[in-house]
Amino acid sequence: MAIFHLTVKTHGFGNDPKLNALRSYAYRSGTKIVDPVTGSIYNYTSKQSEVVLTETITPSEFIPDWMKDGARLWRSVQTFEEEGGRADAQIFRELEMSLPIELGIDAYTTIIRRFIREQLTSKSIICSFSVHLKPGNPHVHMMTTLRDIEGGMFLNKNRDWNKVSFVHELRESWSRHVNDALEAAGLDQRITHKSFADLGIEREASVHVGPVHLGKRNEAYKAKREARKQHNDRARVINSQRGKRRRHHARAYLTAGACAAKLGASLRNHPDDVPLSILTQPPSPSLALSPADQAAYDTMHAALPDASRIYLELGRVKRSLGREWNWPSFLAQYKRLDKSGDILDALFAKELIWVVSRSPELAPGFVTLVAPQSLAKAVQKAKAWAQAAKPDRVSTLDGMIVMATSAMQDAPVDSETDAYAEALAPVEYLVTHRAELVRQCQKVAYAIDRPLSPEVMAKRLSRVFSGVKQPESQAELVDALITMEVVFAVKRRPHKVADVLDAVPPECRAHFEGVIASVLGTLPVDAGHEIAARALPHQTQMDMQAEFNVRQVLSNFQLSDFGHRRRAMAVLGKTYSWSDFQHDIQRQSGTDSGWQRAWWDGKLESLKGTPLASFLETMPPWYAKSSPINPTAYPMGAYDPQPEETLLSALNAQRLMHPDMDVTPSHDADHGDIRHGAVMARQSIMESEGGRSWGDVAKGSGDGKSLGEGAASPNGW
C-alpha cells in the first residue's frame with residue numbers, strides 16, 4: 001500500500017572529503033559519464049534496469065543551456081565549490097521520496113514535476129531527479145542546488161533552505177500531491193506527513209535501519225545502524241505493552257455502557273424515583289484490570305492515596321525506556337522501598353540505578369524524561385549507591401547532575417530575542433504584546449514539563465494556521481496555542497492537568513475546563529482518565545457523566561431538546577446543564593404527556609408577564625404544532641413514525657395465527673383508508689394484548705386528526 005517517506009540530506013566535503021557531485025549524479029541516474037576535468041570514468045550502467053526516468057528541471061527565468069544538462073550542471077557545481085577553498089563545503093542537497101506502488105510511471109512523472117515546480121524551481125532551485133522502480137519499492141532521488149542563481153551565475157548560498165520550516169513545507173506538499181494523484185486514480189488509499197503525536201495516536205514510531213553492506217566499511221554507520229535497531233526493538237516492546245493496556249481498558253467501555261443502560265431502563269419503566277447517584281457515578285477504572293492487577297491496585301491505594309498519580313508518572317518513564325510496568329510490579333517495588341522520604345523520588349532513584357548499572361546507553365534518555373528537580377534528587381541517591389557498588393559509574397552520574405542543575409537554573413528565554421521574533425514573524429500582524437504572549441505559553445508548557453522553544457513555537461503556529469478557523473487577535477492566538485498544550489496534557493500527562501489549569505490565565509480557566517471535559521469524553525475510562533477528571537470541578541464531572549448517559553439512550557431529535565431548554569433558560573438569566581437535563585428526564589418520565597412536553601408545560605405555568613413573553617420566543621417548533629395524547633402516552637422507545645406499516649405487519653401476523661379470519665388489507669376508493677375488516681382485526685389484537693382501544697389511539701373521530709397525525713406527534717414521548 002502507499003506509504004509516506006521523505007528524507008532530506010545535505011552532502012558535502014565535511015562528511016565525505018572525496019565527494020564528487022558528478023559521480024553522485026551518475027550513480028543516481030544509472031549512466032556512464034567521463035569527468036571532463038579529471039578524466040575519471042563513472043560507470044553505473046548496471047543500475048539502468050531500475051532507473052526508468054532521469055530529468056533536470058530549471059526555473060522559468062533565463063537559464064543557460066549548460067545548466068539544463070545534468071552532467072554539465074553538476075560538474076560545474078563541483079568545480080565552483082572546490083575553487084571556493086572550504087574544506088567542509090556543502091555541494092548539493094538530496095531529497096528521497098517513496099512513490100505509491102498502486103500508480104504507474106505516468107502518475108509518478110506528474111507528481112514529481114508538480115512538486116518540483118511548486119516547491120523548488122519557484123524558489124530558483126535547480127533539480128535533477130531519477131525515478132527508481134525497485135520491486136516493491138518505487139522511489140525518486142532528487143539532487144538540488146544550494147545557491148541562488150542570477151544571470152546564469154551562482155551567488156551566495158540561501159540559508160532559508162536550511163530551515164526546519166522549509167522541510168515541513170516539503171513534507172506537506174509531497175503528501176498533498178501524492179494524495180491528489182491517488183484520488184484522481186479512484187483509489188481510497190491516502191498518505192500523511194503528520195507524526196503519530198500530531199494525529200493523536202499513542203504509538204512509538206520506528207526508524208529506517210538501512211542496508212547492512214554499508215557498515216562493512218564505515219564503523220560510524222555501523223554503530224548508527226545498531227542504535228536504530230535498538231530503538232525499533234524498544235518501540236516494538238512499548239507498542240506491544242500499549243496494545244495490551246488498550247485491550248484491558250476496552251472493558252471500561254462495557255462498564256460505561258451498563259451505566260447508561262440503567263438510565264434507559266429507568267426511563268422505559270417510569271419509576272417514581274430513581275437515585276441519581278446510581279447513574280452519575282463514573283465507572284471505576286479498576287474494573288478494567290485483571291484479577292492480579294486488581295489486587296495490587298487495591299493494596300497500593302490502601303497504602304498511598306495518590307497511587308494512581310505515582311503509577312502514571314513512573315510508568316511514563318519506564319515505558320519510554322522499554323521497560324514493563326504494571327500494578328504488581330509497582331507493589332513489589334513499593335515493598336522494597338525506604339518509605340521515609342518522597343515515594344516518587346525514591347522510585348526514580350531506583351529506576352536510575354537500574355539504568356546506570358544495566359543500560360547506561362539509556363542515561364541521556366532518562367535525563368529528558370524526568371523533571372529537573374526530581375532528576376537532581378534521584379541522581380544524588382543513585383550516586384551514594386554507585387560510590388559503594390560501582391565507582392566507575394560515578395562520572396556518569398556527575399554529568400547528569402550538571403545537566404539537571406543547568407536545566408533548573410535555565411530561565412525562560414526572553415521573548416524579545418531574535419529567535420522568538422523570527423518564529424512570530426508570520427503572525428506579527430496579530431501580536432500586540434509579544435513578551436506577554438510568550439510568557440503565557442511558556443507558563444503552561446513548563447507546567448507539563450514541556451519547554452517551549454522558538455522552533456517548537458514556529459511548529460505550533462503552522463499547525464494553528466493550517467486549521468479551518470484562523471485566529472483574528474492575539475487573545476485567540478494564545479487560546480489556540482494553550483489549547484494544544486491542554487489537549488496534550490489530557491491525553492499524555494493526565495497527572496499534570498491540575499497544574500495546567502493553575503497555569504492558564506484565571507479568566508480563561510472555565511473555558512479550558514470545558515476543553516478538558518470534551519477531550520475526556522473521547523478517551524477510554526482508565527486511571528489517567530480518573531486523575532484528569534479529578535482536576536475538574538465536581539459539577540463539571542457530574543455534567544460529563546450525565547451527558548454520556550443521556551446520549552446512550554436518546555435519539556438525535558430528543559437530544560436537540562437540551563439545546564432548546566438551555567436557550568430558554570438563558571433568556572431567563574439561568575443556566576441549564578446536562579445534569580439538570582438528566583434529572584428532569586428521570587423526574588418527568590412517568591407523566592401522561594411525556595417528559596419532553598411536561599417540562600415545557602411546567603415552565604409555562606410558572607411564568608407570567610415579560611419573562612413569559614421572552615420564554616415563548618424560544619419554544620421548540622414541535623411544541624406549538626402538536627397537542628398531548630391523553631390519557632396514555634407512548635413510553636420511551638415506543639414512538640412509531642410509520643403506524644400504517646406497523647399495522648400491516650400486525651395484520652399479517654394475525655393472518656398467520658388465524659387463517660380463517662379475513663384480514664386482507666385493501667383501500668376504499670372514496671376514503672383511502674384501510675377497510676373495516678382490517679380495522680376490526682386490529683381492534684381485536686390490541687384488546688387481546690391488554691393495550692389501548694382503537695378509539696384511545698385515534699382520539700375519536702371528532703378532533704379532525706387522522707391516525708397518522710395523532711400517532712406520529714412527537715410530544716407523546
Side-chain angles (χ1 to χ4, degrees), residues 230-231 234 237-238 241 293 296-297 299-411 445-451 489 492-496 498-499 527-528 531:
Q230 292 180 5
H231 170 86
R234 285 197 298 271
V237 173
I238 294 171
Q241 293 173 347
D293 286 351
Y297 176 91
T299 304
M300 287 306 306
H301 279 79
L304 293 173
D306 59 344
S308 291
R309 179 186 66 83
I310 298 175
Y311 176 82
L312 287 171
E313 179 68 14
L314 187 60
R316 179 178 64 85
V317 176
K318 281 181 169 287
R319 286 190 292 271
S320 298
L321 298 176
R323 299 255 282 156
E324 296 244 355
W325 184 238
N326 49 41
W327 284 102
S329 300
F330 187 18
L331 177 60
Q333 288 199 13
Y334 177 75
K335 290 180 178 179
R336 297 193 296 267
L337 281 181
D338 178 10
K339 304 175 183 60
S340 57
D342 185 82
I343 298 299
L344 184 58
D345 289 341
L347 289 169
F348 277 144
K350 192 173 185 64
E351 187 66 18
L352 179 58
I353 290 174
W354 181 90
V355 169
V356 172
S357 61
R358 303 286 184 87
S359 299
E361 71 277 3
L362 299 178
F366 187 87
V367 173
T368 62
L369 292 169
V370 181
Q373 297 86 345
S374 300
L375 178 62
K377 296 177 183 178
V379 171
Q380 291 175 356
K381 294 181 180 181
K383 189 175 179 181
W385 163 85
Q387 289 173 342
K390 289 195 174 184
D392 58 319
R393 305 295 187 190
V394 174
S395 59
T396 302
L397 292 168
D398 287 336
M400 297 177 71
I401 288 181
V402 172
M403 296 174 65
T405 304
S406 62
M408 292 173 62
Q409 294 176 349
D410 283 343
Y446 283 123
I448 55 176
D449 299 331
R450 199 186 185 201
R492 302 294 183 87
R493 299 180 184 174
H495 54 286
K496 295 289 187 180
D499 297 333
I531 289 178

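Computed over heavy atoms, backbone and side chain alike; hydrogens, waters and symmetry mates excluded.
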Side chain to side chain contact (heavy atoms under 4.5 Å, CB included) between Val317 and Trp325, intermediate numbers included | CA-CA 10 Å; Val317 176; Trp325 184 238; over 6 Å; no
Might you work through the side chain to side chain contact (heavy atoms under 4.5 Å, CB included) test for Leu362 and Arg234, ending with a clear yes or no?
-> CA-CA 11 Å; Leu362 299 178; Arg234 285 197 298 271; 3.6 Å; yes
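Interatomic distance, His231 NE2 to Ile238 CD1, rounded to the nearest 0.5 Å: 8.0 Å. Atom CG of Asp293 and atom CE of Met300 lie 13.0 Å apart (nearest 0.5 Å). From Leu331, atom CG reaches atom CZ of Arg336 across 10.0 Å, with rounding to the nearest 0.5 Å. Separation of atoms CZ (Phe330) and CG (Leu304) is listed at 6.0 Å; rounding is to 0.5 Å. Leu314 contributes atom CG, which lies 11.0 Å from atom NZ of Lys350 (distance to the nearest 0.5 angstrom).
The nearest pair of heavy atoms linking Pro328 to Ala296 is N-CB, 3.6 Å. The two residues Ala349 and Lys381 come nearest to each other via the heavy atoms CB-CB, 3.8 Å.
Between Trp327 and Tyr297, the ring planes lie perpendicular to each other; the angle is over 60°, past the 30° to 60° tilted range. Ring orientation note: the planes of Phe348 and Phe366 are nearly perpendicular, at an angle over 60° on the 30°/60° scale.
A side-chain donor-acceptor contact under 3.5 Å links Ser329 and Asn326.
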Return a table of donor-acceptor pairs under 3.5 angstrom between the side chains of residues 351-359 and protein atoms on other chains or two or more places apart.
{"unit_1": "Glu351", "atom_1": "OE1", "unit_2": "Lys318", "atom_2": "NZ", "d": "2.6"}
{"unit_1": "Glu351", "atom_1": "OE1", "unit_2": "Arg323", "atom_2": "NH2", "d": "3.2"}
{"unit_1": "Glu351", "atom_1": "OE2", "unit_2": "Arg323", "atom_2": "NE", "d": "3.0"}
{"unit_1": "Ser357", "atom_1": "OG", "unit_2": "Ile353", "atom_2": "O", "d": "2.7"}
{"unit_1": "Ser357", "atom_1": "OG", "unit_2": "Trp354", "atom_2": "O", "d": "3.3"}

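With contacts defined as side-chain heavy-atom distances shorter than 4.5 Å, the pair Ile448/Arg492 does not qualify.
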